[in-house]
Amino acid sequence: MANNIEVKELLDAGVHFGHLTRRWDPNMAPYIYMERNGIHIINLYKTAAKIDEASEALKKIAASGRKILFVATKKQAKEIVAEKASKANQPYITERWPGGMLTNFVTIRKAVKKMAAIDRMKKDGTFNTLSKKERLQVDRLRAKLEKNLGSISDMTRLPGALFVVDITREHIAVKEAQKLNIPIFAMVDTNSDPRQVDYLIPANDDASKSIDKVMTYVSDAIIEGLNERKASKDAPKKEEASKKEAAPAPKAEAKVEEPVVSEAAKQEEE
């Protein structure tokens with residue numbers, strides 16, 4: 001994977017631009033290369049190494065069948081994260097983080113089930129028996145639930161990991177994951193504390209180009225993990241099918257022909 005991460009590509013995407021030097025977090029010092037015009041410049045060789053490390057871990061989680069929940073509610077990250085997470089068939093939160101999303105997961109699941117119940121009402125005709133006012137209220141509720149929770153409707157249990165863009169902005173999500181010991185992966189800029197996450201990727205988390213570049217590497221690793229899982233599941237089936245094909249066909253039982261006895265011989269025996 002490391003061979004696929006080109007430092008020049010990261011440079012072109014502006015991944016190296018940090019925040020103003022006065023807004024830095026001293027814990028990010030090991031990942032800062034230099035200061036230029038009052039802005040910290042991130043060491044892209046370290047970024048490439050950390051992308052590789054995070055990608056390997058995410059690949060293993062995806063291969064184990066667990067989900068990775070992506071969190072990014074800032075304007076420049078929303079669409080990119082939604083697109084990449086959908087491509088990798090993973091849940092994501094790009095609207096407001098629902099408080100208790102992880103720590104009170106049972107309640108969140110109830111809200112998702114309510115959404116499914118409304119859909120059933122529309123299918124079986126119950127929805128049409130409601131008054132116009134009630135139908136409007138139900139539609140509004142459905143739209144609100146879809147906006148906030150639609151992307152996690154398939155997440156039936158707690159995720160195997162959290163991937164966050166901007167841990168300072170998404171501090172509530174980070175705190176909830178920490179309480180439940182859920183591994184946290186994140187794009188961490190020079191103004192954030194990297195000690196809050198398990199797998200950090202030092203990178204510019206404000207520019208859409210930078211977010212897109214990092215998210216591409218991450219989603220590709222997850223897809224790779226999912227393909228490995230699919231291949232390992234299909235292997236026993238293929239083996240069984242090939243065994244059946246290779247098995248020799250059962251031999252037909254040989255007919256034992258009865259000796260032909262002539263009429264004259266029969267008469268002599270009698």
Side-chain angles (χ1 to χ4, degrees), residues 19 23 25 27 54 57-58 61-62 65-86 88-121 136-189 191-201 203 205-206 208 211 214-215 218-219 222:
H19 278 268
R23 290 184 59 199
D25 188 299
N27 293 298
L58 287 166
I61 292 168
R66 287 172 296 165
K67 295 280 185 186
I68 294 126
L69 177 62
F70 286 84
V71 186
T73 59
K74 65 191 332 180
K75 192 182 175 183
Q76 58 270 51
K78 275 184 182 187
E79 286 182 18
I80 297 163
V81 170
E83 182 202 332
K84 302 293 181 187
S86 299
N89 196 26
Q90 300 299 319
Y92 57 90
I93 295 286
T94 52
E95 295 301 324
R96 185 184 64 84
W97 174 264
M101 167 76 212
L102 300 175
T103 50
N104 197 8
F105 188 65
V106 176
T107 306
I108 297 294
R109 279 303 301 164
K110 280 179 185 173
V112 172
K113 283 177 183 173
K114 192 179 282 184
M115 198 161 63
I118 293 169
D119 291 341
R120 279 199 301 274
M121 280 171 65
L136 194 64
Q137 286 173 340
V138 169
D139 274 335
R140 279 179 186 160
L141 175 64
R142 175 70 178 79
K144 189 182 176 185
L145 289 169
E146 177 63 44
K147 186 181 180 184
N148 294 323
L149 306 170
S151 58
I152 61 155
S153 56
D154 295 333
M155 197 171 80
T156 54
R157 58 177 177 157
L158 284 169
L162 208 68
F163 190 99
V164 182
V165 176
D166 194 342
I167 57 172
T168 303
R169 185 185 175 97
E170 314 299 346
H171 63 279
I172 299 170
V174 171
K175 286 276 186 292
E176 286 192 30
Q178 285 171 341
K179 273 185 186 176
L180 299 169
N181 293 322
I182 294 170
I184 304 165
F185 295 74
M187 283 180 71
V188 182
D189 213 327
N191 67 329
S192 301
D193 184 356
R195 296 174 301 174
Q196 294 182 55
V197 302
D198 302 284
Y199 294 87
L200 82 143
I201 297 172
D205 63 12
D206 292 307
S208 53
I211 296 165
V214 174
M215 283 297 301
V218 166
S219 59
I222 293 169

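All values below were derived from every heavy atom in this structure, side-chain atoms included, with hydrogens, water molecules and symmetry-related copies excluded.
A donor-acceptor pair is defined here as one N or O able to donate and one able to accept, closer than 3.5 Å; no such pair exists between the side chain of Glu83 and the backbone of Val81. The backbone N or O of Met155 sits less than 3.5 Å from a side-chain atom of Arg109, completing a donor-acceptor pair.
With contacts defined as side-chain heavy-atom distances shorter than 4.5 Å, the pair Ile167/Asp205 does not qualify. Counting heavy atoms from C-beta on, the side chains of Val218 and Leu58 come closer than 4.5 Å. At least one side-chain heavy atom of Ile222 sits less than 4.5 Å from a side-chain heavy atom of Gln90. A 4.5 Å side-chain heavy-atom check between Lys114 and Leu141 finds at least one atom pair inside the cut-off. Residues Ile68 and Leu162 form no side-chain contact, since every pair of their non-hydrogen atoms from C-beta on lies 4.5 Å or further apart. In this structure the side chain of Leu102 reaches within 4.5 angstrom of the side chain of Leu69, judged on heavy atoms. Two residues are said to be in side-chain contact when any heavy atoms from C-beta on lie closer than 4.5 Å; Lys84 and Phe70 fail this criterion. At least one side-chain heavy atom of Asp206 sits under 4.5 Å from a side-chain heavy atom of His19.
Rounding to the nearest 0.5 Å places CE of Met101 at 7.0 Å from CG of Leu149. Between the NZ atom of Lys113 and the CZ atom of Arg120 there is a distance of 10.0 Å, given to the nearest 0.5 Å. Remark: Ile182 CD1 to Glu176 CD distance equals 9.0 Å, nearest 0.5 Å. Considering CG of Asp166 and NZ of Lys74, their distance stands at 3.5 Å, rounded to 0.5 Å.
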Candidate pair Ser208 and Ile80, rule side-chain contact (heavy atoms from CB on, under 4.5 Å), full reasoning: CA-CA 8 Å; Ser208 53; Ile80 297 163; 3.7 Å; yes
Worked verdict on Val174 versus Ile184 for side-chain contact (heavy atoms from CB on, under 4.5 Å): CA-CA 7 Å; Val174 171; Ile184 304 165; 3.9 Å; yes
Derivation and outcome, side-chain contact (heavy atoms from CB on, under 4.5 Å), residues Glu170 and Thr73: CA-CA 8 Å; Glu170 314 299 346; Thr73 59; 2.7 Å; yes
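Heavy-atom minimum distance, Ile108 versus Pro98: CD1-CB, 4.1 Å. A pairwise comparison of heavy atoms in Val165 and Ala77 identifies CG1-CB, 4.1 Å as the closest pair. Residues Ala203 and Met187 approach most closely at CB-CE, 3.9 Å, considering heavy atoms. Across all their heavy atoms, Ser192 and Thr168 have their closest contact at OG-OG1, 2.7 Å. Closest of all the heavy-atom pairs between Asp198 and Pro183 is OD2-CA, 3.3 Å. In terms of heavy atoms, Tyr92 sits closest to Ile152 at O-CG2, 3.9 Å.
Residues passing the side-chain hydrogen bond (donor to acceptor under 3.5 Å, both in side chains) test with Arg142 are Asp119, Glu146, sequence neighbours excluded. Residues satisfying the side chain to side chain contact (heavy atoms under 4.5 Å, CB included) test with Asn27, not counting sequence neighbours, are Asp25, Asp193, Pro194, Arg195. Under the side-chain hydrogen bond (donor to acceptor under 3.5 Å, both in side chains) criterion, Ser219 pairs with no residue at all, not counting sequence neighbours.
In this pair, Tyr199 and Phe185 present their aromatic rings parallel. The plane angle is below 30°, not in the 30 to 60° band.
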